[in-house]
Colleague: 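Would you mind keeping the following structure in view while I ask a few things?
To find a chain, count down the sequence lines: A is the first, B the second, and so on, and within it residues start at 1.
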Amino acid sequence: MAGNQSPDNQPNKSNLEEIRATRIDKIGQIKELGLNPYTYKWEISHHAQELQEKYANLASGEEVADTVSIAGRIIARRVFGKLAFFELQDETGKIQLYLEKKKINNNMSDLVGAFNHLKKLSDTGDILGVKGSLKRTEKGELSVYVSEYAILTKSLLPLPDKWHGLTDTEKRYRQRYVDLIVNPQVRQTFRYRAQITAGIRRYLETRDFLEIETPVLQSEAGGAEARPFVTYHNTLEMDLYLRIATELHLKRLIVGGFEKVFELGRIFRNEGISTRHNPEFTSIEVYQAYADYNDMMVLTENLISTVTQEVVGTTKVNYQGTEIDLTPPWRRVTMHEIVKDATGIDFAQFDDFATAKSAAQDAGIEIPEDCQTIGKLLNEAFEQKVEENLIQPTFIIDYPLEISPLAKPHRSKPGLVERFELFVVGRETANSFSELTDPLDQRARLEAQAAKKAAGDVEANDVDEDFLAALEYGMPPTAGLGIGIDRLVMLLTDAPSIRDVIAFPLLKSQSVAIKSFDYDSQQEILKIEFKNGSIYKYFDVPESIYEELKVAPSVGKYFNSKIRDKFGCDREI
RNA sequence: GGGAACGUAGCUCAAUUAGGCAGAGCAAGUGACUCUUAAUCACUCGGUUGUGGGUUCGAUUCCCACCGUUCUCACCA
């Protein structure tokens, strides 16, 4: 019974492959016992957190007869001869399992040696279901006093260090599932994120806003200045763009007669990646007919502070060591005023660009090539001297017209539009305007954009004629609002990087490691052996490709660009 | 795209200053153990030091290229 076999059957190694092999061997042993290592169902009566709360007052050493059934992942094992303590983690938290040989064997008489099988065949990482009563151990740890168990899913790969966890940033992002298993605060971040988006939707829906989905694939990518992703529809034989904003379609819905619409969804911009930018990100755009940007400021304050109160429990949040007070009302200041405060320059006083430019230069503002109007100069001054200092929530209002092609001219300030942006912790977090409803004015502005595109500006758009047609049917006075959801979630979850609030952020694909390759010139087959041991055959590969591969400075880079996904292939091993 | 830093066992980290046998803890394996909770004790296994070159008697360490990550600048939200 002790099973002391000859020493030749266990290689006794412990690198990853051997750990995996050992666990696969345990799968066989589980099956030999007539059990399934990948079961179908487990009836759960409670979650860990629920039990911790319900039995918080159970005294050390006490037991209660209540039977419970829970399931989760084994994250720690402390095994004695006839007794074992496991830590089980479910979505809500952790609870200890008190596993006693006598009790388990008595209750699981159908499985001879049930306790020993658990000891031998389970590993940290396995998904386990248990039934039992509640007991607080003599040392004070609330535990499920297990009478019955089942290994629900056998895990083949070892978990990261139980004490240090997983800290390697790259692995955390690439293998988020592991990150989620071992870092409870990461689960909490995504729980918050879900609550925030749900809270936003609830807030708007109770105020009679309708969420209407608009196309992600568009023949014109408009509504913002950004470089789009391009894709191709085979049957229609046309290029399509992934949307860079939801604006132009939501406005069509306003034309159609809806008075309050919004869409919370994914936007795609083919631009740089940073701690504040991901190529796909989530925005919400809200449009309300018969309202203006003043109404949107109130909506923004109330929406964000309400959701923050609901999710975080307060409207004062700590972001990277700074307390951010989201209690409304928020500071409102015009762009002209705040730039004047920061630089001493009143850009409203200038009549000609040259004077304004020299004043700006004197104030230490760097002026890029394409900055050739007073409005753009003002915006440069704002971005360089003001933006990063706007820590507490601040509405910057009344923007220059030339940087706001979809906004309505200001009702009393020439050259400006009725627009605001919300800044928190130095970041643009929301953008809103009284929407431009004049189709002729809109056409002129879009045509100016199209001219920029024709001149080579990759962020400018062509004229969306259908959108202009919609405006020509007549759009009621409307205010629009866009909020960057990822940045809002960062703020509310104290996340330093946007990647911390995106479950699966975009990373570069890891390079293929090629061990060797050879070529059959008769059949035009290129055979490539990878370092992970797999061998692929690529078909119909011209000899020239093979010759180039041989002399390529980086085999992996050449493979990625010229061979991978370009030729048909079969996996041999 | 530019700049800086980093990449060592499944995980967390040493060794690099000044080139000289790559080392721990956790995890894993075997055995003991009925109150542990980073369990303990004994024994054991685990490495092409990101990849490819170069310098050298000798490279984890120095040099070059490449791959990837992080931060940052640019672009942008």
Side-chain angles (χ1 to χ4, degrees), chain A residues 2-5 7 10-23 25 60-61 75-87 94 96-103 115 123-125 135-143 156-174 178 182 224-227 244-245 267 269-279 281-283 368 383 421-423 427-431 458-459 482-488 496-499 507-515 531 552-558 560:
Chain A
N4 278 336
Q5 305 277 314
Q10 282 293 326
N12 220 22
K13 295 194 173 178
S14 70
N15 63 34
L16 187 57
E17 268 314 300
E18 296 302 334
I19 290 173
R20 194 166 164 270
T22 304
R23 293 192 179 194
D25 187 59
S60 293
I75 55 165
R77 286 162 29 97
R78 295 180 285 275
V79 179
F80 296 76
K82 294 170 185 160
L83 179 70
F85 300 94
F86 285 9
E87 247 176 272
K94 299 169 187 172
Q96 179 168 271
L97 306 182
Y98 183 94
L99 301 146
E100 197 179 56
K101 182 173 186 177
K102 197 166 38 175
K103 180 162 176 176
F115 178 79
D123 290 285
T124 54
K135 168 191 173 87
R136 191 175 290 280
T137 63
E138 287 161 27
K139 296 287 171 67
E141 185 73 33
L142 182 68
S143 308
L156 298 184
L157 298 173
L159 290 177
D161 191 292
K162 65 184 173 191
W163 185 244
H164 300 96
L166 184 69
T167 59
D168 182 270
T169 325
E170 181 175 2
K171 286 206 176 81
R172 286 188 47 227
Y173 294 153
R174 283 196 198 278
V178 180
V182 299
E225 279 192 44
R227 192 167 184 173
I244 57 172
I267 299 296
R269 297 189 182 176
N270 203 339
E271 285 163 357
I273 297 177
S274 78
T275 48
R276 293 173 296 282
H277 301 87
N278 197 63
F281 64 102
T282 302
S283 82
E383 288 179 359
E421 289 192 335
L422 168 67
F423 290 85
R427 293 177 196 149
E428 183 192 336
T429 303
N431 180 21
V458 291
E459 287 167 11
I483 301 174
I485 297 297
D486 308 274
R487 290 182 178 180
L488 181 62
S497 169
I498 196 168
R499 291 171 181 193
L507 297 182
K508 255 189 173 179
S509 59
Q510 278 180 313
S511 68
V512 286
I514 292 175
K515 192 170 175 187
K531 294 210 168 144
S554 163
V555 172
K557 205 172 184 179
Y558 186 84
N560 272 332

Colleague: Give a yes/no verdict on base stacking between B:A77 and A:Phe281: centres under 5.5 Å, planes within less than 30° of parallel.
Modeller: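 Check passed, A:Phe281 stacks on base of B:A77.
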
Colleague: For A:Ile498 and B:U72, what is the distance between atoms CD1 and P respectively, to the nearest whole Å?
Modeller: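 Whole-Å distance recorded here is 13 Å.
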
Colleague: With rounding to whole Å, what would you report as the distance between B:G50 and B:U16 at their P atoms?
Modeller: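 Between the two P atoms, the distance is 16 Å.
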
Colleague: Measuring only the P atom in each nucleotide, how far is B:U34 from B:C11? A whole number of Å is fine.
Modeller: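 These two P atoms come out 35 Å apart once rounded.
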
Colleague: Heavy atoms only, 4.0 Å cut-off, all strands: where does A:Val182 land among base, sugar-phosphate and nothing?
Modeller: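 Contact class for A:Val182: none.
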
Colleague: Calculate the interatomic distance between A:Leu507 atom CG and B:C67 atom C1'; express it in whole Å.
Modeller: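 About 14 Å, once rounded to whole Å.
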
Colleague: Take the protein atom CD of A:Glu17 and the nucleotide atom P of B:G47, then report the distance between them rounded to whole Å.
Modeller: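 Checked: the CD to P distance equals 12 Å.
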
Colleague: Would you say the side-chain atoms of A:Arg487 pair up with the backbone N or O of A:Arg276, donor to acceptor, closer than 3.5 Å?
Modeller: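 Answer holds: yes.
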
Colleague: Can you tell me how far P of B:C45 sits from CD of A:Glu18, to the nearest Å?
Modeller: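 In whole Å, B:C45 P lies 14 Å from A:Glu18 CD.
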
Colleague: Distance check, rounded to the nearest 0.5 Å: A:Ser283 atom OG versus A:Asp486 atom CG?
Modeller: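 Rounded to the nearest 0.5 Å, the OG-CG separation comes to 9.0 Å.
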
Colleague: Between A:Lys135 and A:Arg427, which residue's closest nucleotide on RNA chain B lies nearer the 5′ terminus?
Modeller: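 Going by which nucleotide is closer to the 5' end, it is A:Lys135.
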
Colleague: Return the nearest nucleotide to the side chain of A:Arg174; candidates are B:C35, B:U70, B:G68.
Modeller: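 So the side chain of A:Arg174 is nearest to B:G68.
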
Colleague: Determine the stems involving RNA chain B; a stem requires 3 or more consecutive pairs of the Watson-Crick or G-U wobble kind, each with both distances below 3.5 Å, and the answer is none if no such run exists.
Modeller: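 Expected stems, ordered by start: B:1-7 with B:67-73, B:10-13 with B:23-26, B:28-32 with B:40-44, B:50-54 with B:62-66.
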
Colleague: Hey, what are the protein-to-nucleotides 12-16 of chain B N/O distances that come in under 3.5 Å?
Modeller:
{"residue": "B:U12", "atom": "OP1", "partner": "A:Thr167", "partner atom": "N", "Å": "3.2"}
{"residue": "B:U12", "atom": "OP1", "partner": "A:Thr167", "partner atom": "OG1", "Å": "3.4"}
{"residue": "B:U12", "atom": "OP1", "partner": "A:Asp168", "partner atom": "N", "Å": "3.0"}

Colleague: Counting any heavy atom closer than 4.0 Å, what does A:Thr275 reach on the DNA or RNA strands: base, sugar-phosphate only, or nothing?
Modeller: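 It contacts sugar-phosphate atoms only.
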
Colleague: Does A:Glu271 use its side chain to pair, donor to acceptor, with the backbone of A:Arg227 at less than 3.5 Å?
Modeller: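 Yes, the answer is positive, given that a donor and an acceptor are paired below the 3.5 Å cut-off.
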
Colleague: Whole-Å distance between B:U48 C1' and A:Asn15 CG?
Modeller: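 For the pair A:Asn15 CG and B:U48 C1', the rounded distance is 13 Å.
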
Colleague: Give one of base, sugar-phosphate or nothing for A:Leu157, where a contact means two heavy atoms less than 4.0 Å apart.
Modeller: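 Answer is nothing: A:Leu157 stays at 4.0 Å or more from every strand.
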
Colleague: Would you give the length of the straight line joining atom CG of A:Asp168 to atom CZ of A:Arg174, rounded to the nearest 0.5 angstrom?
Modeller: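 Answer for the CG-CZ pair, A:Asp168 versus A:Arg174, is 10.0 Å.
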
Colleague: Can you figure out which of B:A77, B:C73, B:U69 approaches the side chain of A:Glu170 most closely?
Modeller: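 Taking heavy atoms from C-beta onward, the closest nucleotide is B:U69.
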
Colleague: Could you state the CD1-C1' distance from A:Ile267 to B:A77, rounded to the nearest angstrom?
Modeller: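 Going from CD1 in A:Ile267 over to C1' in B:A77 covers 10 Å.
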
Colleague: Could you tell me how far B:U12 sits from B:U8 if I compare only their P atoms? Round to whole Å.
Modeller: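 Taking atom P in both B:U8 and B:U12, they lie 9 Å apart.
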
Colleague: Quick check: closest heavy atoms across A:Ile498 and A:Ser274, and the distance to 0.1 Å?
Modeller: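 Taking A:Ile498 first and A:Ser274 second, the nearest heavy atoms are CG2-O, 3.7 Å.
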
Colleague: Students often get this wrong, so: under 4.0 angstrom with heavy atoms, is A:Gly484 touching a base, only sugar-phosphate, or nothing?
Modeller: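 Nothing, no nucleic acid heavy atom in range.
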
Colleague: Can you tell me how far apart NZ (A:Lys94) and CG (A:Leu142) are? Round to the nearest 0.5 Å.
Modeller: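 A:Lys94 atom NZ to A:Leu142 atom CG measures 15.0 Å (nearest 0.5 Å).
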
Colleague: Taking the nucleotide of RNA chain B with the closest heavy atom to each, which residue, A:Phe85 or A:Ala76, is nearer the 5' end?
Modeller: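 Comparing both residues, the 5'-ward one is A:Phe85.
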
Colleague: Would you indicate which nucleotide in B:A28, B:C35, B:A77 comes nearest to any side-chain atom of A:Glu271?
Modeller: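 Minimum distance to the A:Glu271 side chain belongs to B:A77.
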
Colleague: B:A15 and B:A32: how far apart are their P atoms, nearest whole angstrom?
Modeller: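 Comparing P positions in B:A15 and B:A32 gives a spacing of 40 Å.
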
Colleague: Rounding to an integer number of angstrom, what distance separates B:A65 and B:G25 when you compare their C1' atoms?
Modeller: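 Approximately 36 Å lies between the C1' atom of B:A65 and that of B:G25.
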
Colleague: Looking at B:C75, I'd like to know if its phosphate oxygens (OP1 or OP2) sit under 4.0 Å from a side-chain N or O belonging to A:Arg227.
Modeller: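 No, no such contact exists.
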
Colleague: Using a 4.0 Å heavy-atom cut-off, does A:Tyr173 contact any base of the nucleic acid, only the sugar-phosphate backbone, or nothing at all?
Modeller: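 Here A:Tyr173 touches the backbone only, sparing every base.
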
Colleague: Between B:A28 atom P and A:Arg78 atom CZ, what is the distance in whole Å?
Modeller: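 About 13 Å, once rounded to whole Å.
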
Colleague: Within the side chain of A:Thr429, is there an N or O that forms a donor-acceptor pair under 3.5 Å with the backbone of A:Arg427?
Modeller: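 Side chain of A:Thr429 to backbone of A:Arg427: a pair is present.
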
Colleague: Nearest to the side chain of A:Thr22, heavy atoms from C-beta on, is which of B:C35, B:G29, B:C75?
Modeller: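 Nucleotide nearest to A:Thr22's side chain: B:G29.
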
Colleague: Kindly confirm or rule out a cation-pi arrangement of A:Lys135 over A:Tyr98, judged by NZ or CZ under 6.0 Å from the six-membered ring centre and within 45° of its axis?
Modeller: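 The answer is yes; both the distance and angle limits are met.
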
Colleague: Among B:C35, B:G47, B:A77, which nucleotide sits nearest the side chain of A:Glu428?
Modeller: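 The listed nucleotide nearest to A:Glu428's side chain is B:A77.
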
Colleague: Between atom CD1 of A:Ile244 and atom CZ of A:Arg269, what is the distance when rounded to the nearest 0.5 Å?
Modeller: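 One gets 6.0 Å once the value is rounded to the nearest 0.5 Å.
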
Colleague: For A:Glu138, answer base if it contacts any base atom (sugar-phosphate contacts may also be present), sugar-phosphate if it contacts only those atoms, and nothing otherwise; contact means non-hydrogen atoms under 4.0 Å.
Modeller: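 Touches a base.
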
Colleague: Looking at A:Arg78 and A:Glu87, is any side-chain nitrogen of the basic one under 4.0 Å from a carboxylate oxygen of the acidic one?
Modeller: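 Salt bridge between A:Glu87 and A:Arg78, a charged N being under 4.0 Å from a carboxylate O: yes.
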
Colleague: A:Phe80 side chain: which of B:A77, B:C75, B:C35 is closest?
Modeller: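 That would be B:C35.
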
Colleague: Can you check whether A:Arg269 has a side-chain N or O nearer than 4.0 Å to OP1 or OP2 of B:A77?
Modeller: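 Affirmative; the distance criterion is met.
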
Colleague: For the pair made of CD1 in A:Ile273 and P in B:C75, what is the distance, rounded to whole Å?
Modeller: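 Taking atom P of B:C75 as the reference, CD1 of A:Ile273 is at 17 Å.
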
Colleague: Using a cut-off of 6.0 Å, state whether more than 12 heavy atoms not belonging to A:Lys82 lie near its atom NZ.
Modeller: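 Counting neighbours around NZ of A:Lys82, 12 or fewer heavy atoms of other residues, nucleotides or ligands fall under 6.0 Å, so no.
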
Colleague: Report which part of the nucleic acid A:Thr169 touches: base, sugar-phosphate, or nothing (heavy-atom distance under 4.0 Å, all strands).
Modeller: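 Sugar-phosphate, backbone atoms only, no base.
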
Colleague: Just to be sure I understand the rule, does A:Asn270 reach a base, reach only the sugar-phosphate, or reach nothing, if contact means heavy atoms closer than 4.0 Å?
Modeller: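 No contact at all - A:Asn270 keeps every heavy atom at 4.0 Å or more from the nucleic acid.
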
Colleague: For the C1' atoms, the ones on B:U44 and on B:G54, what distance do you get once it is rounded to whole angstrom?
Modeller: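 Nearest-Å result for B:U44 against B:G54 at atom C1': 40 Å.
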
Colleague: Determine whether a donor-acceptor pair (N or O, by modelled atom type, separation under 3.5 Å) exists between the side chain of A:Asn15 and the backbone of A:Glu18.
Modeller: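 Yes, the answer is positive, given that a donor and an acceptor are paired below the 3.5 Å cut-off.
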
Colleague: Looking just at side-chain N and O atoms, do A:Arg136 and A:Gln96 make a donor-acceptor pair shorter than 3.5 Å?
Modeller: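 Note: A:Arg136 and A:Gln96 side chains miss the donor-acceptor criterion.
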
Colleague: How far, in whole Å, is B:A5 from B:A9 if one measures between their C1' atoms?
Modeller: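 Per the computed distance, 24 Å lies between those C1' atoms.
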
Colleague: Between B:A24 and B:G19, how many Å separate the two P atoms, rounded to a whole number?
Modeller: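 Going atom to atom, P in each nucleotide, I get 25 Å.
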
